[in-house]
Undergrad: 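So that we are looking at the same thing, I have put the structure below in structure tokens.
Starting from 1, each residue takes its place in the sequence as its number. All values below were derived from every heavy atom in this structure, side-chain atoms included, with hydrogens, water molecules and symmetry-related copies excluded. For clarity, every value in this text was computed on a predicted model and none was experimentally measured.
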Amino acid sequence: MEKPLTILRVSLYHPTLGPSAFASVPPRLQHDTSPLLLGRGPDAHLQLQLPHLSRRHLSLEPYLEKGSAMLAFCLKALSRKGCVWVNGLTLRYLEQITLSTINRLSFSGIQMLVRVEEGTSLEAFVCYFHVSPSPLIYRPEAEETDEWEGISQEQPPLGSGQQTSGCLGFLHSPSQTWDSPPQPRPGGGTEIQLQREPPDSTLC
């Protein structure tokens, strides 16, 4: 009996280009356990011809954690001139982070939400892509109330985590990666909550 694949449900949004930014993105992409590359280069598995996007901008790397029988995933920044914002942390060249069940990413104007649904197959995984009609990450307006300012202080400082550099191979756990799943806000809310994205001037 064939084992079910791990599924990554990926929502995409671009605030200025809209759906046209993702015209080349297939609805479904199955990949083996080698790193999946995203960028504008010909060797990228997911090609996006967008301004400020590097030929190899980031990679999604599956691996096995010790004692686990299911795939986990690490995201690594590959761009020398740009960076990737993931769950409140900024990744620069060759820095990486372990993905949690729900992940919010921002890079080169793109907003991305990645949900991981575990499967038992260790041979491959599959990505399902969806273009969102609305923002995936909330950018606060200039006017903020005192209550909002108090809530925003709960987010940990960017310098509190350590990322590691170097290549992460399949079947090897990442060492000293920093996993920072978004924290629920006081008062509860929906399962998927929008997270604040830093201004463009402070992202890189």
Undergrad: Could you list the donor-acceptor pairs under 3.5 angstrom formed by side chains in residues 18-30, with sequence neighbours left out?
TA:
from: S20; atom 1: OG; to: L17; atom 2: O; distance (Å): 2.6
from: S24; atom 1: OG; to: Q47; atom 2: O; distance (Å): 2.8
from: R28; atom 1: NE; to: Y128; atom 2: OH; distance (Å): 3.2
from: R28; atom 1: NH2; to: Q30; atom 2: OE1; distance (Å): 3.1

Undergrad: Just checking, is any N or O donor in the side chain of S132 or H130 under 3.5 Å from an acceptor N or O on the other one?
TA: no
Undergrad: Got a sec, which residues hit salt bridge (charged side-chain N to carboxylate O under 4.0 Å, His left out) with R80, two or more places apart in sequence or on another chain?
TA: none
Undergrad: Could you check whether any side-chain heavy atom of R104 comes within less than 4.5 Å of a side-chain heavy atom of L136, counting everything from C-beta outward?
TA: no
Undergrad: So, does E61 use its side chain to make a donor-acceptor pair with the main chain of C74 at under 3.5 Å?
TA: no
Undergrad: H57 and S108: which non-hydrogen atoms are nearest, and at how many Å?
TA: CE1-OG, 3.3 Å
Undergrad: For R40, check salt bridge (charged side-chain N to carboxylate O under 4.0 Å, His left out) against everything at least two apart and list the hits.
TA: none
Undergrad: Quick one, L50 and F107 - any side-chain contact, counting heavy atoms below 4.5 Å?
TA: no
Undergrad: With hydrophobic residues grouped by side-chain heavy-atom distances under 4.5 Å, do V116 and V126 end up in a single group?
TA: no
Undergrad: Quiz question: by atom type and distance under 3.5 Å, do the side chains of E123 and S121 form a donor-acceptor pair?
TA: no
Undergrad: K76 vs E95, test: salt bridge (Lys or Arg N to Asp or Glu O under 4.0 Å). Steps then yes/no.
TA: CA-CA 6 Å; K76 181 186 292 183; E95 292 180 332; over 6 Å; no
Undergrad: Do V131 and M112 belong together in a cluster built from hydrophobic side chains that touch within less than 4.5 Å?
TA: yes
Undergrad: Can you measure from CD1 (I137) to CG (L105) and round to the nearest 0.5 angstrom?
TA: 7.5 Å
Undergrad: If you measure from OG on S68 to OH on Y63, what distance do you get to the nearest 0.5 Å?
TA: 9.0 Å
Undergrad: Work out which heavy atom in L5 is nearest to a heavy atom in A124; give both atom names and the distance.
TA: CD2-O, 3.5 Å
Undergrad: Taking only residues two or more places apart in sequence, or in another chain, which ones meet F125 in a ring pair (Phe, Tyr, Trp, His ring centres under 6.0 Å)?
TA: H31, F73
Undergrad: Grab the two heavy atoms, one from C127 and one from L36, that are nearest each other, plus how far apart they are.
TA: SG-CD1, 4.4 Å
Undergrad: Check I110 against H14 and note the closest heavy-atom contact, atom names and distance.
TA: CG1-CD2, 4.0 Å
Undergrad: State, with a plain yes or no, whether a side-chain heavy atom of L58 is found less than 4.5 Å away from one of L91.
TA: no
Undergrad: Measuring from L71:CG to L64:CG, what's the distance to the nearest 0.5 Å?
TA: 6.0 Å
Undergrad: Heavy atoms only: give me the nearest M70-G119 pair and the separation to one decimal.
TA: CG-O, 3.5 Å
Undergrad: Quick one: does L12's side chain get under 4.5 Å of F129's, heavy atoms only?
TA: yes
Undergrad: Can you check whether L60 reaches L38 side chain to side chain, under 4.5 Å on heavy atoms?
TA: no
Undergrad: Could you list the residues that satisfy salt bridge (charged side-chain N to carboxylate O under 4.0 Å, His left out) with E117, not counting sequence neighbours?
TA: R9
Undergrad: Report yes if the side chains of L75 and V86 come closer than 4.5 Å at any heavy-atom pair, otherwise no.
TA: yes
Undergrad: Going by side chain to side chain donor-acceptor pair (under 3.5 Å), name the residues that satisfy it together with S54, two or more places apart in sequence or in a different chain.
TA: S79
